[in-house]
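Below: the structure, in structure tokens.
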Amino acid sequence: MGVAVNSSDAVIEVTDLTKVYRSGLFGSKKLKALDGVSLKVQRGQIYGLLGPNGAGKTTLIKILLGICRKTAGHATVLGQPAGSRSARQEIGYLPENHRIPRHLTGDTALEYYGSLSGLSVSEVRKRRPKLLELVGLTGRGRERVSGYSKGMLQRLGLAQAIIHNPSLVVLDEPTDGVDPVGRKEIREVLKNLATQGTTIFLNSHLLQEIELVCENVAILTKGKVRRTGSVRQLKQELGDAPVLLQLEGAESEIRRIVAGLSQVGIRKSGERLFEVEWRVTSQKTLDGVIDQLRAADVSIWRMARRELTLEEAFLSIVGGQD
Ligand code: ATP
């Protein structure tokens with residue numbers, strides 16, 4: 001790793017960041033893609049940036065990488081202004097839908113990208129075997145990338161992003177289009193890197209993926225940060241974990257009792273068998289429903305609380321805004 005940082009230091013620090021795109025005649029049309037965004041990413045974190053289409057995720061990444069200029073506010077990478085040469089040297093980047101020239105092999109692609117990161121060919125060759133092993137491509141380096149699967153291309157993309165041992169790796173939709181086995185492998189690589197102190201900043205719309213790999217997230221909608229925090233915290237904050245009830249009894253009675261509840265789903269699984277899933281708002285309401293079910297001679301076969309998924313938490317937060 002190039003720049004030494006204390007474990008408490010922020011690797012990414014963004015304060016009141018604003019970006020206005022101008023288009024049209026003399027830049028008369030304005031679009032505020034980022035509107036006072038603030039967030040902090042600590043060393044060794046795998047941090048997820050979530051948001052619906054057009055939320056401003058790519059714009060934020062582009063400012064961090066120096067591809068696009070901010071309009072106002074502050075953004076630093078390892079304490080240096082985002083986009084500066086010194087900051088950029090510390091970043092590895094895997095863009096969304098990246099294209100590796102088809103005539104290259106895995107090995108020559110790493111030589112090409114390594115040289116773009118300022119490494120000599122001999123240095124790349126020295127690092128290559130370990131790198132290919134890390135991303136699960138050992139023995140595949142001599143094959144042309146034109147024959148690589150989407151998963152292999154993403155893993156090679158990841159290898160090129162970390163070839164210069166960056167302190168921060170920025171990934172835009174790294175597992176998009178990759179099969180479940182490939183996704184799991186990529187998650188393992190990311191966790192390995194984080195354990196070694198590399199910070200990962202991940203932009204993905206695959207919420208289940210984010211949930212499996214990120215400890216912390218920021219939720220962005222319409223250019224504003226709606227929430228930041230740990231995945232666990234977000235899920236707990238929104239409380240009301242769903243309760244699943246498996247019931248046996250008269251359909252009319254069951255439907256009558258659950259009719260007054262909000263956010264309830266009911267599924268018939270047999271002649272007198274029903275599954276009811278419901279976002280319980282208080283223990284008192286739950287107790288009341290159970291009393292009513294028993295009074296109506298409905299048997300409760302099973303009752304289980306289910307943890308809220310990140311997707312449900314996300315939808316609660318962005319719901320009503322998009
Ligand atoms: P997606 O998930 O669809 O990639 P995103 O969250 O990455 O979305 P951005 O690509 O950052 O969002 O776009 C934020 C807003 O800025 C959108 O309304 C988009 O149309 C607009 N925008 C992005 N790039 C430009 C540009 N170069 N000129 C003008 N408007 C732009």
Side-chain angles (χ1 to χ4, degrees), residues 12-41 46-77 82-83 87-88 91-99 150 153-154 157-158 161 168-178 183 186 190 199-214 216-229 231 234 310-322:
I12 297 176
E13 189 155 14
V14 168
T15 316
D16 273 336
L17 193 66
T18 297
K19 171 68 188 177
V20 178
Y21 286 113
R22 288 171 177 274
S23 56
L25 202 58
F26 306 117
S28 55
K29 268 172 84 180
K30 292 183 190 172
L31 189 139
K32 211 177 233 185
L34 296 178
D35 187 2
V37 166
S38 298
L39 56 89
K40 218 183 234 191
V41 181
I46 306 183
Y47 196 100
L49 183 61
L50 314 178
N53 293 128
K57 305 180 297 292
T58 306
T59 302
L60 177 55
I61 286 182
K62 282 184 179 170
I63 292 174
L64 293 175
L65 294 165
I67 298 172
C68 146
R69 275 172 189 250
K70 64 184 182 314
T71 307
H74 300 279
T76 58
V77 173
R88 281 193 318 211
I91 304 179
Y93 176 45
L94 175 62
E96 189 178 8
N97 300 321
H98 71 111
R99 300 256 180 276
K150 174 83 191 191
L153 285 171
Q154 284 303 87
L158 199 52
L168 169 66
V169 179
V170 177
L171 308 166
D172 206 347
E173 303 285 0
T175 51
D176 204 14
V178 180
R183 276 192 235 156
I186 290 175
L190 299 183
T199 309
I200 317 272
F201 193 68
L202 185 66
N203 172 5
S204 174
H205 66 271
L206 300 172
L207 296 178
Q208 285 155 331
E209 282 297 300
I210 294 264
E211 189 167 4
L212 289 171
V213 79
C214 296
N216 290 80
V217 293
I219 295 181
L220 200 65
T221 63
K222 297 182 178 161
K224 287 185 191 281
V225 173
R226 302 293 161 185
R227 209 67 76 99
T228 58
V231 170
L234 282 189
L310 181 61
E311 186 162 358
E312 285 164 330
F314 175 82
L315 289 172
S316 291
I317 292 166
V318 305
Q321 283 153 22
D322 286 86

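Read the numbers this way: they start at 1 and go in the same order the structure lists the ligands and their atoms. What you see is a predicted model; the values in this text were computed from it and never measured.
Within 4.0 Å of ligand 1, protein heavy atoms come from Y21, L31, A33, P52, N53, G54, A55, G56, K57, T58, T59.
Closest heavy-atom contact between T59 and K19: CG2-CG, 3.6 Å.
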Would you please test I91 and F201 for side-chain contact (heavy atoms from CB on, under 4.5 Å) and show each step?
CA-CA 10 Å; I91 304 179; F201 193 68; over 6 Å; no
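Side-chain contact check for L234 versus I219: some heavy-atom pair is nearer than 4.5 Å.
Using a 3.5 Å distance cut-off with no hydrogens or angles, the side chains of E173 and H205 do pair a donor with an acceptor.
Annotation for E96: atom CD counts as buried by contact number, over 12 foreign heavy atoms lying within 6.0 Å. The number of heavy-atom neighbours closer than 6.0 Å to NZ of K30, taken from other residues, nucleotides and ligands shown, is 12 or below.
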